[in-house]
Amino acid sequence: MRICSWNINSVRLRAPIVQDMMNEYQPDIVCLQETKTPDDKFPFEAFESLGYNHIHISGIKGYNGVAIISKMPISQPEIYSRVDRADGRHISARFMAEGFAKPIEIHCIYIPAGGDEPDRAINEKFAHKLDFIAELDAWFTHNHSDDTAMVALGDFNIAPLEHDVWSHKQLLKTVSHTPIEVEALTAMQSSIDWVDALRHFVPEDEKCYTWWSYRNRDWRKSNRGRRLDHIWVTPDLKPRLKSHIIVSDARDLVKPSDHVPVMVDFDFS
DNA sequence: ATGGTAGGTACCCTA
């Protein structure tokens with residue numbers, strides 16, 4: 001079974017490249033962030049026409065927005081208001097995988113970017129980011145159960161490890177790689193022993209990126225990337241992790257997203 | 001130290 005996460009930066013503009021990705025990689029579930037589309041304008045047909053008939057979304061006008069797009073039936077769709085905002089950043093749904101006894105609950109998450117200044121006292125956006133993570137941490141700690149496996153994925157807007165950025169030293173004061181937010185994300189990860197599935201496959205001393213800024217003339221040449229997109233799984237799924245794909249070539253498409261698709265394959269046989 | 005690009009929206013926000 002293959003699960004994919006992609007910050008698509010407008011699903012209406014880029015539905016065709018999502019379709020191309022679906023045709024090429026055949027993921028069973030695709031989770032999108034930054035759909036930037038109200039629910040009544042979501043391009044359902046584009047995905048239903050490819051057999052993705054089970055879609056759960058939470059969109060708002062202009063920014064944010066998340067989607068879970070599945071070939072398999074999903075149940076218990078949930079939409080969460082985090083930090084008292086109904087702003088399209090966190091949804092979940094459950095599905096059953098053949099060969100795996102427990103239901104799997106998948107959480108599609110778009111953590112706030114956090115603005116420019118890494119100081120909660122003077123930057124409300126950074127405070128929002130930290131509050132969002134703390135609330136998520138508490139929610140998962142309180143709600144996880146051995147009866148249900150979980151996958152938490154999406155654009156976390158944090159590159160936690162030294163080799164998740166092109167220059168650890170030069171980015172220590174840049175939001176997405178500052179110690180305070182890395183610490184918050186690491187605390188959340190350790191609360192219920194989330195397994196970082198991409199780093200399960202990519203050694204920690206190896207550079208690994210999923211995002212390259214639009215503000216570089218030649219993203220491949222400068223290669224100033226960051227690993228902002230993550231797929232985490234609960235420990236019961238760790239033995240089922242089979243392989244991963246980071247579709248870096250998607251950064252070279254015409255009118256690309258600044259993020260590329262990340263995928264994990266599970267073996268439930 | 002600075003500014004570079006992109007999308008959506010409505011003349012400016014977020015990333």
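Computed from heavy atoms alone, side chains included, the values below leave out hydrogens, waters and symmetry copies. By convention in this document, chain letters (A, B, ...) are assigned in the order of the sequence lines, proteins followed by strands, and residues within each chain are numbered from 1.
Below 30°, between 30° and 60°, or above 60°: for A:Phe268 and A:Phe100 the angle between ring planes is between 30° and 60°, a tilted geometry.
When ring centroids are compared, A:His107 and A:Phe140 come within the 6.0 Å threshold.
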Dot-bracket for DNA chain B, 5' to 3', Watson-Crick and G-U pairs with both distances under 3.5 Å, [ ] for crossing pairs, | for partner on another strand, reads ....((((...))))
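A salt bridge does not link A:Lys242 with A:Asp265: none of the charged nitrogens is closer than 4.0 Å to a carboxylate oxygen. In summary, A:Asp249 and A:Arg220 engage in a salt bridge, as defined by a charged side-chain N under 4.0 Å from a carboxylate O. One finds no salt bridge joining A:Arg2 and A:Asp28 here, because no Lys/Arg side-chain nitrogen approaches an Asp/Glu carboxylate oxygen to under 4.0 Å. Taking 4.0 Å as the cut-off between side-chain N and carboxylate O, A:Asp193 and A:Lys238 do not count as a salt-bridged pair.
Among the atoms of the strands shown, none is found under 4.0 Å from any heavy atom of A:Arg226. Across all strands, A:Arg14 comes closer than 4.0 Å only to sugar-phosphate atoms, never to a base (heavy-atom distances).
With both ends at atom C1', the span from B:dT2 to B:dG8 equals 26 Å, rounded to whole Å. Between B:dC12 and B:dA1, the two P atoms lie 30 Å apart (nearest whole Å). Annotation: B:dT14 and B:dA10 have their P atoms spaced 14 Å apart (nearest Å). Straight-line distance between the C1' atoms of B:dT9 and B:dG3: roughly 24 Å, to the nearest whole Å.
Counting heavy atoms from C-beta on, the side chains of A:Trp212 and A:Ser248 come closer than 4.5 Å.
Along DNA chain B, the nucleotide nearest A:Pro112 and the nucleotide nearest A:Pro38 are compared for position; the residue whose nucleotide lies closer to the 5' end is A:Pro38. Between A:Arg224 and A:Glu34, it is A:Arg224 whose nearest contact on DNA chain B lies nearer the 5' terminus.
A distance-only check finds no donor-acceptor pair linking the side chain of A:Thr148 to the backbone of A:His144 [under 3.5 Å].
The outermost nucleotides of DNA chain B lying under 4.0 Å from heavy atoms of chain A, listed 5' to 3', are B:dG4 to B:dA15.
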